> 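The structure under discussion is supplied below as structure tokens; questions concerning it will follow.
Just so you know, ligand 1 is whichever comes first in the structure, and atom 1 is the first atom listed for that ligand. Nothing here was measured: the structure is a model prediction, and the numbers come from that model. FYI, side chains are in, hydrogens and waters are out, and symmetry mates aren't considered; it's all heavy atoms of this structure.
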Amino acid sequence: MTTQHVRLTVNGEVREADVEPRLLLVHLLRDVFLLTGTHIGCDTSNCGACTIHVNGQSAKSCTMLAVQADGAEIRTIEGMADGATLHPLQQAFWDQHGLQCGFCTPGMIMQAAWLLDQNEKPSEAEIRHGISGNLCRCTGYVNIVKAIQQASGQLGTGDSARVEAAGTVEATAAS
Ligand code: FES
Ligand code: FES
């Protein structure tokens, strides 16, 4: 079996492995490094459950080979909390009930973190567009949007204000 040596930084820690050239990055993370917070929800690159950061960019880790990540800086959901202190997005998903089964949540949080890196105070429409590559079969997205609004300082932790769908807001504004 031909293998290739890879060396990457994962959540600030240098990790190395000998991998088959066909191994996907998501499998390197889950099966070799045992970082199972990154999920696999499809085999069509559609669901976003496997979203991580590669060199600061949001990436679906099922769409990359492990060997393509050689030398890269990787951040996964396990690297978000600071010890026992949740990342503001993790806290906001908790506060706003932004999950039900939780399967999509790690990928959703990683995508939201990247979105907020690009745009500190995204509008609701920008949030919905920003997470459009991440599917959630449970929540209807409303509380996920609220969580991202909370993490961006646009919604208080106890704010139960109803978040209208972007289309509804736009329709109201136009009327
Ligand atoms: Fe579904 Fe990667 S596992 S997009
Ligand atoms: Fe179940 Fe999103 S909370 S898929």
Side-chain angles (χ1 to χ4, degrees), residues 6 8 10-11 15 17 19-70 72-81 86-118 122 124-152 155 157 159-160 162-166:
V6 292
L8 49 166
V10 184
N11 300 327
R15 307 292 296 262
V19 301
E20 283 188 67
R22 65 176 183 168
L23 186 75
L24 295 174
L25 178 55
V26 69
H27 291 303
L28 175 66
L29 295 172
R30 286 180 55 85
D31 304 338
V32 181
F33 297 156
L34 305 180
L35 295 170
T36 53
T38 302
H39 290 167
I40 303 170
C42 71
D43 55 11
T44 52
S45 309
N46 271 321
C47 76
C50 62
T51 304
I52 59 168
H53 297 175
V54 179
N55 294 328
Q57 295 292 315
S58 164
K60 292 181 175 177
S61 57
C62 73
T63 65
M64 281 183 70
L65 296 168
V67 293
Q68 290 176 298
D70 189 25
E73 294 264 350
I74 305 287
R75 193 178 194 197
T76 70
I77 191 68
E78 288 88 348
M80 295 297 274
L86 295 178
H87 183 279
L89 272 163
Q90 292 173 310
Q91 186 63 52
F93 271 69
W94 175 274
D95 292 340
Q96 299 294 340
H97 310 289
L99 62 134
Q100 287 180 28
C101 80
F103 194 84
C104 70
T105 311
M108 200 65 86
I109 286 177
M110 298 312 289
Q111 179 63 16
W114 177 81
L115 173 65
L116 297 184
D117 278 350
Q118 312 305 304
E124 181 182 343
E126 287 169 334
I127 291 172
R128 287 179 178 274
H129 184 259
I131 60 170
S132 59
N134 293 68
L135 303 182
C136 176
R137 64 187 173 181
C138 304
T139 64
Y141 301 94
V142 171
N143 288 359
I144 290 174
V145 172
K146 283 165 116 178
I148 298 169
Q149 288 177 318
Q150 176 182 316
S152 63
L155 194 70
T157 53
D159 192 340
S160 60
R162 187 159 167 252
V163 179
E164 301 284 356

> For ligand 1, which part of Asn46 has a heavy atom less than 4.0 Å away: the side chain, the backbone, both, or neither?
backbone

> Using a strict cut-off of 4.0 Å, indicate which atoms of ligand 1 neighbour a heavy atom of Cys62.
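Near Cys62, meaning under 4.0 Å from one of its heavy atoms, ligand 1 has 2 (Fe), 3 (S), 4 (S).
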
> Can you sort out which atoms of ligand 2 are near Cys136, meaning under 4.0 Å from one of its heavy atoms?
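Once the distances to Cys136 are compared, the set is 2 (Fe), 3 (S), 4 (S).
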
> What protein heavy atom lies closest to atom 4 (S) of ligand 1? Include the residue and the distance to one decimal.
Gly48 N, 3.2 Å

> Indicate if the distance from atom 2 (Fe) of ligand 1 to the nearest N, O or S atom of Cys50 falls below 2.8 Å.
yes

> Below 4.0 angstrom from a heavy atom of Gly102, which ligand 2 atoms are there? Numbered from 1 as shown, please.
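Heavy-atom distances to Gly102 below 4.0 Å select 1 (Fe), 3 (S).
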
> When you measure from the side chain of Glu73 to the backbone of Val10, do you find a donor-acceptor pair of N or O atoms at a distance under 3.5 Å?
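Answer holds: no.
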
> Any side-chain to backbone donor/acceptor pair from Tyr141 onto Cys136? Under 3.5 Å, distance only.
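Checking the backbone N and O of Cys136 against the side chain of Tyr141, a donor-acceptor pair under 3.5 Å is found.
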
> Please work out, at 4.0 Å between heavy atoms, whether the side chain, the backbone, both, or neither of Cys42 comes within that distance of ligand 1.
both

> Using modelled atom types and a 3.5 Å cut-off, is there a donor and acceptor pairing between side-chain atoms of His87 and backbone atoms of Leu89?
yes

> Provide, to 0.1 Å, the distance between atom 3 (S) of ligand 1 and the closest protein heavy atom, together with that atom's residue and name.
Gly41 N, 3.4 Å

> For Cys104 and Leu135, work out which heavy atoms get closest and say how close.
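In terms of heavy atoms, the two residues are closest at CB-O, 3.4 Å.
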
> N/O/S atom of Cys104 under 2.8 Å from atom 1 (Fe) of ligand 2, yes or no?
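No - counting backbone and side chain alike, Cys104 has no N, O or S atom under 2.8 Å.
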
> So, for Asn11 and Arg75, which heavy atoms are closest and what is the spacing to 0.1 Å?
OD1-CA, 3.3 Å

> Suppose we only count N/O/S atoms under 2.8 Å; would Cys138 qualify as near atom 1 (Fe) of ligand 2?
yes

> What atoms in ligand 2 come closer than 4.0 Å to a heavy atom of Arg137?
4 (S)

> Distance-only, no hydrogens or angles: does the Asn134 side chain make a donor-acceptor pair with backbone N or O of Gly107 under 3.5 Å?
yes

> Output the list of atoms in ligand 1 that are nearer than 4.0 Å to some heavy atom of Cys47, sorted by atom number.
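Numbered from 1, ligand 1 contributes 1 (Fe), 3 (S), 4 (S).
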
> Taking Thr51's backbone N and O only, do any of them form a donor-acceptor pair with Lys60's side chain (distance below 3.5 Å, no angle check)?
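The answer is no, because no donor-acceptor pair under 3.5 Å joins these two groups.
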
> Output the list of atoms in ligand 1 that are nearer than 4.0 Å to some heavy atom of Ser45, sorted by atom number.
4 (S)

> Would you find a donor on one side and an acceptor on the other, under 3.5 Å apart, between the side chain of Arg30 and the backbone of Thr36?
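Yes, the answer is positive, given that a donor and an acceptor are paired below the 3.5 Å cut-off.
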
> For the pair Asn55 (side chain) and Ala72 (backbone), establish whether a donor and an acceptor sit closer than 3.5 Å, ignoring hydrogens and angles.
no

